[in-house]
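See below for the structure under consideration.
Every heavy atom of this structure was used, including side-chain atoms; hydrogens, water molecules and symmetry mates were not.
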Amino acid sequence: MTTVIVSDTGAACDSLWTFDDGVHTVSDINKYLFVSGYVIEDYKPDPFIVFYSGTYNQIVLHQALMLELIDPEGYMSIAKWLSSKGESRLQYIKIDINDWRVDIYNTDSKNGVHYAGSGGQLAANHYPSCYDVKSCVEFAIINDSFSGPEVSLFNKGGARQDNIFELSSHMYDTLYNKTNGLMQDYRGDIDMSNQIKQTAPDGKEIDHDTLEAAISRDINNMKKNQNVSTLWISIKNAKKKENIIKRKKKITA
């Protein structure tokens, strides 16, 4: 299961992945995607972070979309195909770091916070007692055997970051290779594994009409923000030219 909670000053999630029978497993991707600015050549969105709950391949696919490794049409085709194979859950909360604008998909809200995953409601219920998102995730971990450490925390403006790692070249390549593999499986209509790796066995099912509207919103917002020079990027997170990730061609259906 998973715990994601976002307030007006911070965001946090747990780190545990399980198979659909609840057995714990490891993952080669994170439950979040963090891009601080100019980390990929010719791709300069304002800094953002997205927190996820759902099945592994749906999360891989959405992260690839956010990095422009796949176009929206290909994304929707594979997302629908994955749903038909049993990988039908996805929730996410995307935050534009500069102004803390929050865009949500398939999540819930209460007590002034957005939340996702089976531990999310536990965290949201606990929020009025502490007003601290990290403490809320720690509370959920104690009370939900399928949420687990470590807690990843990102405070407004990047003032504090615990167990948050920016997109690396290795992660970029991993997402590209995983998405390219999904495209090949989709073309061959390959049967998926009986055991589905995921963050939350009882996470929310995808509604593909609302998902298509959500990704259209997110992509339009990112296009508006591209090539915007920001103080947050230039002072805190400017990367040296030799560390910029070489951009890959989009995967197409």
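Salt-bridge formation is not detected for the pair Lys110/Asp108: no Lys NZ or Arg NE/NH1/NH2 atom is positioned less than 4.0 Å from an Asp or Glu carboxylate oxygen. For the pair Asp46 and Arg101, the salt-bridge criterion is not met [side-chain N within less than 4.0 Å of a carboxylate O]. Ion pair Asp8/Lys156 not flagged as a salt bridge, since none of the NZ, NE, NH1 or NH2 atoms sits closer than 4.0 Å to an Asp/Glu carboxylate oxygen. Between Glu205 and Arg89 a salt bridge is recorded (basic side-chain N to carboxylate O distance below 4.0 Å). A salt bridge does not link Lys85 to Asp185: none of the charged nitrogens lies less than 4.0 Å from a carboxylate oxygen.
The backbone N or O of Glu212 lies less than 3.5 Å from no partner atom in the side chain of Ser216, so there is not a single donor-acceptor pair. Looking only at distances, no side-chain donor or acceptor of Thr55 sits under 3.5 Å from a matching main-chain atom of Asn57. A distance-only check finds a donor-acceptor pair linking the side chain of Gln58 to the backbone of Glu87 [under 3.5 Å]. Although no hydrogens or angles enter the test, the distance criterion places no donor-acceptor pair under 3.5 Å between the side chain of Ser169 and the main chain of Ile245. Side chain of Asn155 to backbone of Gly158: no donor-acceptor contact under 3.5 angstrom is found. Side-chain atoms of Asn177 come within 3.5 Å of backbone N or O of Asp173 as a donor-acceptor pair. The closest donor-acceptor contact from the side chain of Asn111 to the backbone of Ala124 lies under 3.5 Å.
Looking at Lys31 and Thr2, their side chains do bring a donor and an acceptor atom within 3.5 Å of each other. In this model, a donor atom of one side chain and an acceptor atom of the other lie less than 3.5 Å apart for Asn221 and Asp103. No side-chain N or O of Thr107 forms a donor-acceptor pair with one of His114 less than 3.5 Å apart.
There is a path of hydrophobic side-chain contacts, each under 4.5 Å, that joins Ile70 to Ile206. Grouping the Ile, Leu, Val, Met, Phe, Trp and Tyr side chains by contacts below 4.5 angstrom, directly or via other members, places Leu69 with Met183. Transitive grouping of hydrophobic side chains (ILVMFWY, heavy atoms separated by less than 4.5 Å) keeps Val113 and Ile104 in distinct clusters.
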- Query: Which is it for Phe34 and Phe154 under the ring-ring contact (aromatic ring centres under 6.0 Å, His included) test, yes or no, and what are the steps along the way?
  - Reply: CA-CA 10 Å; Phe34 172 40; Phe154 193 99; 5.3 Å; yes
- Message: Between His24 and Phe19, is the side-chain contact (heavy atoms from CB on, under 4.5 Å) condition met? List the steps.
- Response: CA-CA 6 Å; His24 296 185; Phe19 287 115; over 6 Å; no
- Just do the side-chain contact (heavy atoms from CB on, under 4.5 Å) check on Gln161 and Leu153 with the steps written out, would you? CA-CA 6 Å; Gln161 300 173 37; Leu153 170 71; over 6 Å; no
- Query: What do the steps show when you test Tyr131 against Tyr127 for ring-ring contact (aromatic ring centres under 6.0 Å, His included), and what is the final call?
  - Reply: CA-CA 5 Å; Tyr131 295 102; Tyr127 185 73; 5.1 Å; yes
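Residues passing the ring-ring contact (aromatic ring centres under 6.0 Å, His included) test with Phe165: none are found, sequence neighbours excluded.
Sorted by first then second residue, the salt bridge (Lys or Arg N to Asp or Glu O under 4.0 Å) pairs that include residues 121-139, not counting sequence neighbours, are Lys134-Asp162.
Here the side chains of Gln121 and Tyr115 are in contact, with some heavy-atom distance below 4.5 Å. Looking at Asp14 and Asp144, their side chains never come closer than 4.5 Å, going by heavy atoms from C-beta outward. Ile59 is listed as a side-chain neighbour of Leu90, based on a closest heavy-atom distance under 4.5 Å. With a 4.5 Å cut-off on side-chain heavy atoms, Trp81 and Ser84 count as touching. Contact check for Ile93 versus Val102: side-chain heavy atoms found under the 4.5 Å cut-off. Between Ile49 and Leu33, every side-chain heavy-atom pair lies at or beyond the 4.5 Å cut-off. Side-chain contact between Ile5 and Val137 is present, with heavy atoms from C-beta onward closer than 4.5 Å. A 4.5 Å side-chain heavy-atom check between Gln91 and Val4 finds every atom pair outside the cut-off.
Distance OG/Ser36 to CG/Leu167: 9.5 Å, rounded to 0.5 Å. For the atom pair Lys250 NZ and Leu65 CG, the distance stands at 8.5 Å (nearest 0.5 Å).
Here the closest non-hydrogen pair linking His208 and Ser83 is NE2-OG, 3.0 Å. Of all heavy-atom pairs between Cys136 and Cys130, the closest is SG-SG, 3.7 Å.
Using the six-membered ring where Trp is involved, His62 and Tyr92 have ring planes that are tilted, between 30° and 60° apart. Ring-plane geometry between Tyr32 and Phe51 is classed as tilted, the angle between the planes lying from 30 to 60 degrees on a 0 to 90 degree scale.
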